Amino acid sequence: QVQVMESGGGSVQAGGSLELSCATSGVIFRRCGMGWYRQAPEKEREMVSTIKSDGTTAYADSVKVRFTISRDVDMATIYLHMADLRVEDTAMYYCSADGVVPIEGYGNAYYCTGPYTWGQGTQVTVSS
């Protein structure tokens with residue numbers, strides 16, 4: 001069973017920085033994408049940043065320039081470096097890995113689903 005394992009997070013004052021990391025299996029990492037999502041109290045979960053297997057990245061408008069997603073291919077790990085943190089960044093941050101679905105009858109062909117496996121979440125709290 002595929003797992004994702006998050007680490008990092010914590011409490012910081014506004015303007016500070018934190019880094020999250022998330023590891024998963026090499027198979028997922030090489031074939032499909034991973035991402036970071038967050039959920040604040042009484043709000044829906046939202047995408048923060050994603051990275052595809054080819055390295056293509058995407059960011060929510062609210063974190064562009066301030067957050068950077070990166071990866072270590074050898075370690076099958078992604079990172080989220082968060083700078084200039086704001087009170088509104090306070091949330092539970094979740095790592096996700098896309099699902100890898102074999103295409104039956106087509107050898108090793110597969111397709112990637114959206115976020116499929118989720119981590120347990122790590123809390124980020126930014127105080128003013």
Side-chain angles (χ1 to χ4, degrees):
Q1 183 176 355
V2 175
Q3 291 184 323
V4 292
M5 293 169 287
E6 302 143 333
S7 61
S11 298
V12 66
Q13 288 193 320
S17 300
L18 284 173
E19 184 168 88
L20 309 179
S21 63
C22 176
T24 189
S25 74
V27 171
I28 298 291
F29 198 85
R30 289 191 298 272
R31 293 185 174 183
C32 295
M34 296 182 67
W36 291 99
Y37 293 74
R38 67 186 181 187
Q39 187 168 19
E42 301 182 357
K43 291 190 176 181
E44 293 188 354
R45 190 172 297 188
E46 62 176 357
M47 185 276 286
V48 176
S49 183
T50 60
I51 186 165
K52 295 183 179 180
S53 58
D54 64 0
T56 303
T57 60
Y59 295 92
D61 288 343
S62 60
V63 306
K64 279 181 182 176
V65 178
R66 300 187 298 121
F67 290 12
T68 303
I69 193 169
S70 62
R71 64 180 184 170
D72 183 327
V73 176
D74 292 336
M75 297 298 292
T77 299
I78 64 169
Y79 303 92
L80 185 68
H81 183 73
M82 305 180 290
D84 189 23
L85 283 161
R86 304 168 181 171
V87 173
E88 54 264 37
D89 293 319
T90 295
M92 186 70 80
Y93 283 70
Y94 297 90
C95 177
S96 72
D98 289 352
V100 181
V101 181
I103 301 175
E104 197 170 325
Y106 286 85
N108 294 324
Y110 62 91
Y111 68 90
C112 301
T113 69
Y116 183 75
T117 302
W118 296 88
Q120 77 283 0
T122 185
Q123 179 68 37
V124 172
T125 302
V126 185
S127 58
S128 58

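Along the sequence shown, the residues carry numbers beginning at 1. Source: prediction; values computed, not measured.
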Seminar exercise, completed: What one should report as the nearest heavy-atom pair of Cys22 and Val4 is SG-CB, 3.8 Å
Exercise. About how many Å separate CE of Met34 and OG of Ser96, when rounded to the nearest 0.5 Å?
Worked result: 7.0 Å
For this session: Any salt bridge (charged side-chain N to carboxylate O under 4.0 Å, His left out) involving residues 79-90? Give me the pairs, sequence neighbours left out, ordered by first then second residue.
Result: Arg38-Asp89, Arg66-Asp89
Exercise. Is the cationic atom of Arg71 (NZ for Lys, CZ for Arg) positioned less than 6.0 Å from the six-membered ring centroid of Tyr79 and within 45 degrees of its normal?
Worked result: no
For this session: Tell me, yes or no, whether the heavy-atom count around Gln13 atom CD, taken from other residues, nucleotides or ligands under 6.0 Å, exceeds 12.
Result: no
Exercise. Is it true that a side-chain atom of Ser49 and a backbone atom of Tyr59 form a donor plus acceptor pair closer than 3.5 Å?
Worked result: no
Exercise. Is it the case that more than 12 heavy atoms not belonging to Tyr116 sit under 6.0 Å from its OH atom?
Worked result: no
Exercise. Would you say Met5 has more than 12 foreign heavy atoms packed within less than 6.0 Å of its CE?
Worked result: yes
Exercise. Considering residues, nucleotides and ligands other than Tyr111, do more than 12 of their heavy atoms fall under 6.0 Å from its OH?
Worked result: no
For this session: Could you grab the distance from atom CD1 of Ile78 to atom OG of Ser70, nearest 0.5 Å is fine?
Result: 8.5 Å
Exercise. Mind checking what makes side-chain hydrogen bond (donor to acceptor under 3.5 Å, both in side chains) contact with Thr90, not counting sequence neighbours?
Worked result: none
For this session: Output all residues satisfying side-chain hydrogen bond (donor to acceptor under 3.5 Å, both in side chains) with Glu19, sequence neighbours left out; order by chain, then residue number.
Result: none
Problem set entry | Main-chain N/O of Glu44 paired to Gln39 side chain as donor or acceptor, under 3.5 Å | no
Exercise. Which heavy atom in Leu80 sits nearest to a heavy atom in Val48, and how many Å separate them?
Worked result: CD2-CG1, 4.1 Å
For this session: Quick one: pull up CD1 in Ile69 and NE2 in His81 and give me the separation to the nearest 0.5 Å.
Result: 13.5 Å
For this session: Would you check if the distance from the ring center of Trp36 to the ring center of Phe67 is below 6.0 Å?
Result: no
Problem set entry | Connected via hydrophobic side-chain network under 4.5 Å: Val101 and Tyr106 | yes
Seminar exercise, completed: Sorted by chain and residue number, the side-chain hydrogen bond (donor to acceptor under 3.5 Å, both in side chains) partners of Thr113 (sequence neighbours excluded) come out as none
For this session: For residues Gly119 and Tyr94, report the shortest heavy-atom separation together with the two atoms involved.
Result: O-CD2, 3.6 Å
Exercise. Is Val63 linked to Val126 within one hydrophobic cluster, defined over Ile, Leu, Val, Met, Phe, Trp and Tyr using a side-chain heavy-atom separation of less than 4.5 Å?
Worked result: yes
Exercise. For the atom pair SG (Cys95) and CG (Leu20), what is the distance rounded to the nearest 0.5 Å?
Worked result: 9.0 Å
Exercise. How many angstroms lie between OG in Ser11 and CG in Leu85, if you round to the nearest 0.5 Å?
Worked result: 11.0 Å
For this session: With sequence neighbours excluded, tell me which residues meet salt bridge (Lys or Arg N to Asp or Glu O under 4.0 Å) with Asp74.
Result: none
Exercise. Would you call Val124 and Leu18 a side-chain contact if the rule is heavy atoms closer than 4.5 Å?
Worked result: yes
For this session: Could you list the residues that satisfy side-chain hydrogen bond (donor to acceptor under 3.5 Å, both in side chains) with Lys52, not counting sequence neighbours?
Result: none
Exercise. Is a side-chain N or O of Thr77 found less than 3.5 angstrom from the main chain of Met75, in a donor-acceptor match?
Worked result: yes
Problem set entry | Exercise: identify the closest heavy-atom pair between Cys32 and Asp98 | CB-CB, 3.7 Å
